[in-house]
Amino acid sequence: EGVSSISDTQGNLLFYTDGETVYNRNHQVMTNGTGLLGGDSSSQSGVIVPRPNRPDEYYIFTVAAQGSTNGMNYSLVDLTLSGGLGAVVPGIKNINLISDTAEKISAVQSADGQTIWVTGYAPFTPTGTGNTHDTVWSFRVAEVGVFANSPVKSTVSIARTTDERGYMKISPDGSKIAIANFAGQNEGVYLFDYDNANGMVDATTGIALFPSEGSYGIEFSPNGQYLYSHSGTFDNPEHNVRQIPVTGAGLGVARVMG
């Protein structure tokens, strides 16, 4: 379900992944490119981000499917290996960041323009796994690597869910973050302010969109003014795409696009 690809600045494919297997630009399995800890039924499964100031290196962040204990992990791809086709670097593969995650992950450039924030989401689990629950975890990615031991944690209890499916997205300008819950407790879409200077979510700004109506896929417009949301569940045959202003006087007022 969740796939990610990345190209160079001219739009030429470099590699892609479903969160479990990595394929090079020739559509062959990349060296050491199997066994990543995403999941073929994970909503987003993985996201690829460039390692800042290292033009041949990229990180793959993965999130497992609900019910799995694999959590959120990262691996490093070096495109100078295997004759320029790339390889997953031995020893920097499936490095764990969060032990229990929802099927949600996103990334955005930080305000300083030199680093990247990658976010995961630790869901509510009654039994607990040692994580801070109902919480967005932001990890800074810099030239020196992933700041795995110093995540920025923001509790967003309004979005608490007992079903881990659905997307999480950050707007291109880094000012908003949206969480989609497909089913279970608190179905719907939840919108918050995000600060890409420090990786924090402002929980006090939380808006519940379409409560009690499940949502799976979401995406911001390139200019960051609109959020697009899929609505509908397995039990609801009516599926719509909504356009939702996220700034200005029309904030949160959706238009059904069919």
Side-chain angles (χ1 to χ4, degrees), residues 2-38 42 44-63 72-98 104-120 137-152 167-175 177 194-199 219-224:
V3 296
S4 184
S5 63
I6 196 158
S7 65
D8 63 17
T9 55
Q10 285 75 46
N12 299 305
L13 177 67
L14 295 176
F15 66 95
Y16 56 100
T17 181
D18 61 1
E20 293 183 325
T21 303
V22 189
Y23 299 88
N24 64 33
R25 65 176 184 268
N26 291 337
H27 314 294
Q28 303 163 332
V29 176
M30 184 175 283
T31 302
N32 196 30
T34 60
L36 270 62
L37 296 180
S42 179
Q44 291 182 276
S45 187
V47 65
I48 302 167
V49 300
R51 184 172 182 175
N53 300 317
R54 300 282 190 93
D56 294 311
E57 296 183 3
Y58 296 82
Y59 287 106
I60 303 174
F61 291 81
T62 60
V63 288
M72 179 177 174
N73 301 271
Y74 73 90
S75 303
L76 179 65
V77 170
D78 185 340
L79 291 181
T80 67
L81 301 177
S82 296
L85 292 175
V88 177
V89 178
I92 312 180
K93 183 178 181 180
N94 293 327
I95 307 300
N96 185 253
L97 295 169
I98 310 175
K104 308 176 191 296
I105 193 168
S106 193
V108 71
Q109 190 173 49
S110 63
D112 63 20
Q114 302 300 311
T115 58
I116 296 169
W117 290 107
V118 178
T119 59
W137 294 45
S138 296
F139 294 91
R140 190 183 290 275
V141 181
E143 181 178 1
V144 297
V146 179
F147 286 69
N149 296 321
S150 54
V152 178
Y167 277 50
M168 176 170 65
K169 285 287 186 173
I170 303 173
S171 62
D173 65 359
S175 67
I177 188 169
Y194 185 79
D195 189 340
N196 67 334
N198 57 26
E219 184 59 275
F220 285 93
S221 62
N223 63 13

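None of these values were measured; they are calculated from a predicted model.
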| Closest non-hydrogen atom pair between F220 and P172, with its separation | CB-CD, 3.8 Å
| query | Do L97 and W137 come within less than 4.5 Å of each other through their side chains, counting heavy atoms only? | reply | no
| For the residue pair P50 and I6, what are the closest heavy atoms and their distance? | CD-CD1, 4.3 Å
| request: State, to 0.1 Å, how close G2 and S45 come at their nearest heavy-atom pair, and which atoms those are. | output: O-CB, 3.3 Å
| message | If you compare all heavy atoms of K104 against all heavy atoms of V63, which two are closest, and at what distance to 0.1 Å? | response | O-CG1, 3.8 Å
| Centroid-centroid under 6.0 Å between F139 and Y74 rings | no
| said: Contact between Q28 and Y23 at the side-chain level, heavy atoms closer than 4.5 Å - yes or no? | reply: no
| note | Scanning both residues in full, the closest heavy-atom pair of A107 with V118 reads CB-CG2, 4.1 Å
| query | Do L36 and K93 have side-chain heavy atoms sitting under 4.5 Å apart? | reply | yes
| field | Contact check, side chains of L14 and Y58, non-hydrogen atoms, under 4.5 Å | value | yes
| query | Do the non-hydrogen side-chain atoms of N53 and Q114 ever get within less than 4.5 Å of each other? | reply | yes
| So do the side chains of V47 and S106 get within less than 4.5 Å of each other, counting heavy atoms only? | no
| query | How far does CD1 of I105 sit from CD1 of I98, to the nearest 0.5 angstrom? | reply | 8.5 Å
| said: Return the OG1 to CD1 distance between T119 and I177, rounded to the nearest 0.5 Å. | reply: 4.5 Å
| If you round to the nearest 0.5 Å, how far is CG of D195 from OG of S110? | 10.5 Å
| task | Look at the rings of Y16 and H27 and say which category their plane angle falls in: under 30° parallel, 30 to 60° tilted, over 60° perpendicular. | result | tilted
| task | With the side chain counted from C-beta on, respond yes when V152 and N198 share a heavy-atom pair under 4.5 Å apart, and no when they do not. | result | no
| request: Would you check if the side chain of R51 reaches a backbone N or O of E143 as a donor-acceptor pair within less than 3.5 Å? | output: yes
| task | Report the C-alpha separation of S82 and M30 in whole Å, then their side-chain angles, then the decisive distance to 0.1 Å, and conclude whether the side chain to side chain contact (heavy atoms under 4.5 Å, CB included) test is met. | result | CA-CA 9 Å; S82 296; M30 184 175 283; over 6 Å; no
| task | Report the distance from atom CZ of F15 to atom CD1 of I60, rounding to the nearest 0.5 Å. | result | 5.0 Å
| message | Taking side chain to side chain contact (heavy atoms under 4.5 Å, CB included) as the criterion, tell me which of N73, I95, I48, V146 meets it with F61. | response | V146
| query | Could D8 and R25 be called an ion pair, given the rule that one side-chain N must be under 4.0 Å from one carboxylate O? | reply | no
| N149 atom CG: more than 12 heavy-atom contacts under 6.0 Å | no
| field | Check against side chain to side chain contact (heavy atoms under 4.5 Å, CB included), N94 and S75 | value | CA-CA 5 Å; N94 293 327; S75 303; 3.9 Å; yes
| query | Do you know the tightest heavy-atom contact between V108 and S171? | reply | CG2-O, 3.6 Å
| query | Quick one: CG on L37 to CD on E20, what's the gap to the nearest 0.5 Å? | reply | 9.0 Å
| Heavy-atom side-chain contact between P90 and N32 under 4.5 Å | yes
| message | Quick one, Y194 with S138, criterion side-chain hydrogen bond (donor to acceptor under 3.5 Å, both in side chains). Give me CA distance, side-chain angles, the key distance, then yes/no. | response | CA-CA 11 Å; Y194 185 79; S138 296; 3.0 Å; yes
| field | Rounded distance (nearest 0.5 Å) linking atom CD of E57 with atom CG of L76 | value | 5.0 Å
